[in-house]
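No experiment lies behind these values; they were computed from the predicted model shown.
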Amino acid sequence: EVLNTPIPLDDPLEWKDSKTYLERLKEARKNTGQACAVLSCKTTIKDIDIVVSAVDFKFIGGSIASAEGENILHAVSTAINEKCSYLFMPCSGGMRMQENQFSLQALPKTTIAVQMVKDARLPYVVILTNPTSGGVSASFGMLGDIQIAEPKAKCGFAGARVIEQTIGETLPEGFQTAEYIKNHGGIDLVVSRKDLRDTIATLLSILLKKNKSEV
């Protein structure tokens with residue numbers, strides 16, 4: 001069941017670079033069939049009710065702006081109201097420059113929202129896909145009770161080349177890949193897509209049973 005949310009004002013800053021922002025939004029909506037980069041739904045995984053939000057990179061690089069923030073907030077509210085777990089699957093270059101401060105406002109709003117999921121004693125699970133970067137990785141994208149990543153997924157805040165130029169050092173091989181991050185304690189599991197359904201179901205059944213026994 002797709003969760004639809006009202007779309008805020010499309011172009012609050014009347015942005016234009018090589019194209020107008022309105023043109024970019026029109027193209028992205030046509031290419032993806034979505035109103036914004038985030039698609040949220042309520043579904044079940046092996047009979048476990050869950051609310052899921054997934055980011056489509058084809059929608060302006062999966063960037064997060066005000067509409068995406070509102071979509072995530074609505075998904076979180078649905079999860080809390082219906083006492084479901086919340087699963088977030090980012091695939092993003094970060095926050096959307098065409099909305100500037102309006103985009104950045106989505107960071108604290110979504111971070112507070114996922115804390116509300118935790119306060120309600122509901123699991124918040126994140127599956128990092130390739131790539132997950134920028135403001136998403138610096139906020140709610142790395143706050144899961146369980147952090148999973150797909151094999152070889154690139155995850156980090158800034159690009160490796162930018163970091164090397166900043167610190168003046170050569171980075172280790174595999175830097176910012178899911179496997180490297182797991183080996184250094186940044187995520188919990190690296191799981192292939194074909195195994196995600198079973199893994200998520202197992203984790204949620206454990207977490208939900210544990211939370212219920214402690215109430």
Side-chain angles (χ1 to χ4, degrees), residues 3 5-8 34-43 45 50-57 59-150 153-159 176 178 181-182 185-191 196 200 203-204 207 211:
L3 304 176
T5 54
I7 298 295
Q34 296 180 192
C36 69
V38 178
L39 181 67
S40 297
C41 67
K42 183 186 175 188
T43 186
I45 298 179
I50 186 170
V51 173
V52 180
S53 295
V55 183
D56 190 338
F57 195 82
F59 199 109
I60 314 182
S63 52
I64 303 298
S66 51
E68 288 74 17
E70 291 301 315
N71 189 297
I72 293 168
L73 290 179
H74 181 59
V76 165
S77 297
T78 301
I80 294 172
N81 291 337
E82 303 199 16
K83 296 180 172 56
C84 297
S85 304
Y86 181 53
L87 173 65
F88 181 61
M89 294 186 285
C91 185
S92 176
M95 313 315 286
R96 189 172 303 159
M97 67 176 185
Q98 288 91 344
E99 290 193 28
N100 204 292
Q101 70 266 32
F102 296 100
S103 173
L104 293 177
Q105 286 169 7
L107 287 173
K109 289 167 68 175
T110 48
T111 299
I112 292 169
V114 299
Q115 184 59 49
M116 292 169 60
V117 176
K118 298 183 180 188
D119 290 343
R121 300 186 63 75
L122 297 166
Y124 171 48
V125 179
V126 178
I127 300 175
L128 303 169
T129 67
N130 185 44
T132 299
S133 60
V136 175
S137 66
S139 58
F140 60 98
M142 294 297 290
L143 295 177
D145 298 308
I146 301 290
Q147 291 284 148
I148 303 172
E150 293 191 313
K154 281 271 192 170
C155 308
F157 180 65
Q176 291 185 329
I181 299 168
K182 179 180 179 295
I187 59 176
D188 301 297
L189 297 167
V190 176
V191 181
L196 280 173
I200 294 165
L203 290 170
L204 291 182
L207 291 172
N211 287 356

How long is the span from the CE atom in Met97 to the OG atom in Ser63, to the nearest 0.5 Å? 9.0 Å

Within-4.5 Å side-chain heavy-atom neighbours: Glu99 and Gln105: no

Heavy atoms from other residues, nucleotides or ligands near CE of Met142 exceed 12 (cutoff 6.0 Å): yes

Closest approach of Ile80 to Ala120 (non-hydrogen atoms, all atoms of both residues): CG2-CB, 4.4 Å

Does a side chain donor of either Tyr86 or Thr78 reach within less than 3.5 Å of an acceptor in the other side chain? no

Do Thr5 and Glu70 meet the criterion of a side-chain donor-acceptor pair at a distance under 3.5 Å? no

Of all heavy-atom pairs between Ala35 and Ile7, which one has the smallest distance, and what is that distance? CB-CD1, 3.8 Å

Just one of Val38, Val51, Val52 clears the side chain to side chain contact (heavy atoms under 4.5 Å, CB included) bar with Leu3, so which one? Val51

How far does CD1 of Ile187 sit from CD1 of Ile146, to the nearest 0.5 angstrom? 11.5 Å

Value rounded to 0.5 Å, distance of CG in Asp188 from CD1 in Ile181: 12.0 Å

Could you check Leu204 against Ile50 for side chain to side chain contact (heavy atoms under 4.5 Å, CB included), going step by step and ending with a plain yes or no? CA-CA 9 Å; Leu204 291 182; Ile50 186 170; 3.6 Å; yes

Please report the interatomic distance CG(Leu39) to CD(Glu68), rounded to the nearest 0.5 Å. 11.5 Å

Distance (rounded to the nearest 0.5 Å) between Leu122 CG and Ser85 OG: 6.5 Å

Are Ser92 and Ile64 side-chain neighbours, meaning at least one heavy-atom pair lies under 4.5 Å? yes

State the CG-CZ distance between Leu207 and Arg121, to the nearest 0.5 angstrom. 11.0 Å

Using a cut-off of 6.0 Å, state whether more than 12 heavy atoms not belonging to Lys109 lie near its atom NZ. yes

Can you find a heavy atom in the side chain of Leu128 that is under 4.5 Å from one in the side chain of Ile148? no

Before you tell me yes or no, could you show the steps for Phe140 and Phe88 under ring-ring contact (aromatic ring centres under 6.0 Å, His included), namely the whole-Å CA-CA distance, both residues' side-chain angles and the distance that decides it to 0.1 Å? CA-CA 9 Å; Phe140 60 98; Phe88 181 61; 5.0 Å; yes

Given side chains that start at C-beta, do those of Arg96 and Phe59 come closer than 4.5 Å, heavy atoms only? yes

Minimal heavy-atom distance between Ala65 and Ala106, with the atoms involved, is O-CB, 4.0 Å

Where do Gly141 and Gln147 come nearest, in terms of heavy atoms and distance? O-NE2, 3.4 Å

I want to check something: taking the side chain as every heavy atom from C-beta on, are Ser133 and Cys155 in contact at a cut-off of under 4.5 Å? no

If we only count heavy atoms from C-beta on, is the Asp56 to Gln34 side-chain gap below 4.5 Å? yes

Measure the shortest side-chain to side-chain distance between Met95 and Leu107 over non-hydrogen atoms and say whether it is less than 4.5 angstrom. yes

In short, Thr132 meets Ser137 closest at the heavy-atom pair O-CB, 4.0 Å

More than 12 foreign heavy atoms under 6.0 Å from NZ of Lys118: is that the case here? yes

Using side-chain heavy atoms (C-beta onward) and a distance below 4.5 Å, is Ile200 in contact with Ile127? yes

Between Val117 and Val76, the two heavy atoms sitting closest are CG2-CG1, 3.5 Å

